[in-house]
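Report on one structure; see the data block that follows.
Convention: sequence-line order gives letters A, B, ...; per-chain numbering from 1. Reckoned from all heavy atoms, side chains included, excluding hydrogens, waters and symmetry mates.
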Protein chains: 2
Amino acid sequence: MVSARGRIDKRQAILDGAFTVFARQGYAQACVQEIANEAGVAKPTVYNHLTDKATLFRHAIQAAAQSVLDQRLAALQPLTEPGTDLRATLEEVGHHLVRLHADDRSCALRRLLYAELTHFPDILDFAVESGPHRLSQALADRMARLILAGRLRATDPDQAAEHFLALLVGPLEPRSHMGTRQIGDTELRKIACAAADTFLRAFGAENANARQPAE
Amino acid sequence: MVSARGRIDKRQAILDGAFTVFARQGYAQACVQEIANEAGVAKPTVYNHLTDKATLFRHAIQAAAQSVLDQRLAALQPLTEPGTDLRATLEEVGHHLVRLHADDRSCALRRLLYAELTHFPDILDFAVESGPHRLSQALADRMARLILAGRLRATDPDQAAEHFLALLVGPLEPRSHMGTRQIGDTELRKIACAAADTFLRAFGAENANARQPAE
DNA sequence: AAGAGGTTGAACTCATGGGTTCAAACTAGT
DNA sequence: ACTAGTTTGAACCCATGAGTTCAACCTCTT
């Protein structure tokens, strides 16, 4: 028997190649032969691991969505220990989130989801439900803590999270030409700063509304 | 000769049917025969008016994008004469914009653009450039007037417009499951109110920051 | 009535690509 | 070296659908 490690590697390679090609071509235009080439594997091997083009697609999307979500959740980390300068922490987290959102993989995944949602209604479950929704929940948890600590105004934490994410992501779409154009890091930073600024004006605690210059 | 009116009607019917079918199936999965059926027309007639499936797609998208943009620009109208209650006007415009954004046609168009942007890079020109960008510009013009009139804080009008749109549209995507689920009008209204509230807190003139109950 | 231009349906050509088959080659474990 | 499970390439079958052709057919114009 071929080493189990080798099998798993092949499977991973196939899923990775599948996502790459699907991202490049869309579901219908992507042909299995090309996926096999991308993965450095023969066509029958693909069908040996994944029965269908459709299940191949589902698994590739699911893997990509999981990794994207993990990255985003990790980016919220600094908010659990906000330190003394809340603005700086928000800018940092915002910058990180915005960078992830503008990432190639992330954009490709979003495009694929939008495109094939009608043909694969079931991908909603693990891609939308556990995508932006989970992120929003996690962020709302942090917002609740900040409100309790008196560092934000007393409001609905869910709405605070929703609006912070909106301020980050909203300006991104038009500027990136729907994920086509890459955005420079300085521009991303500016977007994050602007979002943090507006957010603090609207949700900051009354006594700390003004920009605090330094410690 | 068949009446010119009849020809034009056929062409319109074809473009409309094309958009409907493309929206339902995506570019690759849509077959020209089905478009012909949808338009109540024979297949060769389609090729008589539009040479290609590709140009058929381009024209259908262009027409849809134009009509969507027109609707959105019209929705900004109330902001040119803001009346005494700025908050109410913002909520009204916001509600209108959000309703348009959540509309079936609009969602379908957005999905198509995302999906086929890689295969038709040229649709960027008339769909993205003259889509959200134009809307943002028009809104920024209104913002500039409001700032000059002292009804908003002195800031960059472009950023004010960007953030207002972000606050409107951002919360929509996750809730509508990327345009799959229809959202009730009361929920849309709530989203618009929340957006107006956050926006006024961040961009309202200092003296008019608080909620003004009535005239 | 005659003719011109657009429309129709059906049949046709041809390329693409999903999925399968199979014999040969490979790669451990014994 | 022997065997079992895997991979490989190439060829194959078959469905789908883009785009074309053509003869019959409207539907106006003159």
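- Between A:Q29 atom CD and C:dG18 atom C1' the separation is 15 Å, expressed in whole Å.
- Residue A:H49 places at least one side-chain N or O under 4.0 Å from the OP1 or OP2 atom of D:dT7.
- The residues B:D197 and B:R201 are annotated as salt-bridged, a charged nitrogen and a carboxylate oxygen being separated by less than 4.0 angstrom.
- Under a 4.0 Å N-O distance rule, the pair B:R24/B:E38 qualifies as a salt bridge.
- Counting distance only, with no hydrogens placed and no angle test, the side-chain atoms of B:K43 and the base atoms of D:dG19 include a donor-acceptor pair under 3.5 Å.
- Close to D:dT8, at under 4.0 Å from its OP1 or OP2, lies a side-chain N or O of A:T45.
- With respect to the salt-bridge test (charged N to carboxylate O, under 4.0 angstrom), the residues B:R189 and B:E91 do not qualify.
- Between A:K10 atom NZ and C:dA28 atom C1' the separation is 13 Å, expressed in whole Å.
- Considering only side-chain atoms of B:C31, the nucleotide from C:dT8, D:dT8, D:dA18 that sits closest is D:dA18.
- In this structure, CD1 of A:I35 is placed 18 Å from C1' of D:dT8, rounded to the nearest angstrom.
- Rounding to whole angstrom units, CZ of residue A:F57 and C1' of C:dG17 are separated by 17 Å.
- Residue B:A30 is classed as a sugar-phosphate contact, given heavy-atom separations below 4.0 Å to backbone atoms only.
- Between A:Q33 atom CD and C:dA15 atom C1' there is a gap of 16 Å when expressed in whole angstrom units.
- Salt bridge A:D52/A:R58: absent, no basic N to carboxylate O contact under 4.0 Å.
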